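This report concerns only the one structure given below.
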Amino acid sequence: MRPIFPPVKTGSNGSDRLKVIVSITNQKGGVGKTTTAINLSAAIAEKGLKTLLVDLDPQSNATLSYLDRKQVEKTVYDALTEKDLTFKDIVVRSSILHLDIAPSAISLAKLESRLVGELDGHFRLKDRLQSVIADYDYIVLDTPPTLGLLTVNALVASTHLLIPIQSSYFSLEGTDDLLETVEKIKARPNPDLQILGVVITLHDKRTVLARDIRKQIKEVFGSKVFKTVISKSVRLEESPAYKESIFTFAPESSGALDYYRLSEEVISRV
Ligand code: ATP
Ligand code: MG
């Protein structure tokens, strides 16, 4: 089945736009953060909502899923470190209508050492994003597989957190550390941060193990677990190589349907 995207109404003057800033975060590597960030942001943009995908990972996988390196001049690193630059100066249009990208480059790996001793180190992203907030309905942040400064900046700047958890045996290991970080950030810099939900990724519904793992994740996260489960799909692995979202690359695939359904749930929860 091919997803159909009915437009979602937003305020015409921008004042009553939704203003959702959602971090896609899990410090475990390879759990589907970037795949979720690129396809969820595309699904939201397909609905006619103005969307910015911010790549906070020095690996730059989200950036390179939609842009060629030569399209990238200034990056998130520049916007966070150069006094005279704002996000407006670094944002690039993607080929998807309503979807812009704030690109990353390997230089982001230097951010932590660059901001050492800076009093506003944890607030840089929140502050510098202000220049573009009025332009978007949704801002989706792809974060690196650490709980370091970049992820903390993302959580301080966000209204919501979406946690992808891989459907695998050790998938819940480390979630305590993530939840502890979230609690610390809620205690002080960002009391409004909400866990939007947990999405199970890389699921193989044929196996009994996967069903057991889903049960376990539900025992821990209860109703926070999205009904939509993202199944394993080769198409989801392939689409970034073609600089396309799953919705143009393989609109009939299970991956397209899964991320479409996830976007519906996300929008209904905010
Ligand atoms: P990192 O922690 O390194 O940033 P990540 O959490 O962002 O990783 P992804 O890069 O999204 O994870 O996914 C890891 C690998 O798994 C990638 O090769 C990706 O294409 C693949 N992958 C992700 N989700 C799926 C899926 N549902 N079906 C098949 N392959 C997937
Ligand atoms: Mg990633």
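Residue numbers count from 1 along this sequence. Note that the structure is a prediction, hence the values are computed from the model and not measured. Hydrogens, waters and symmetry mates are skipped; everything else that's a heavy atom, side chains included, is used. As the structure lists them, so they are numbered: ligands from 1, and atoms in each ligand from 1.
Ile165 places a side-chain heavy atom less than 4.5 Å from the side chain of Thr175.
In this structure, ligand 1 sits under 4.0 Å from heavy atoms belonging to Lys28, Gly29, Gly30, Val31, Gly32, Lys33, Thr34, Thr35, Asp57, Gln59, Pro145, Leu202, Ile230, Ser231, Lys232, Ser233, Leu236, Glu237.
The Mg ion (ligand 2) has an N, O or S atom of Thr34 closer than 2.8 Å.
Put simply, the side chain of Glu265 gets close to the backbone of Lys227: a donor and an acceptor are under 3.5 Å apart.
With sequence neighbours left out, Arg93 forms a salt bridge (charged side-chain N to carboxylate O under 4.0 Å, His left out) with no residue at all.
Residues Tyr259 and Phe247 place their aromatic rings such that the two centres sit no closer than 6.0 Å.
Aromatic ring orientation, Phe249 versus Tyr242: parallel (interplanar angle below 30°, classes split at 30° and 60°).
Glu264 has no carboxylate O lying under 4.0 Å from a charged side-chain N of Arg261, or vice versa, which leaves the two without a salt bridge.
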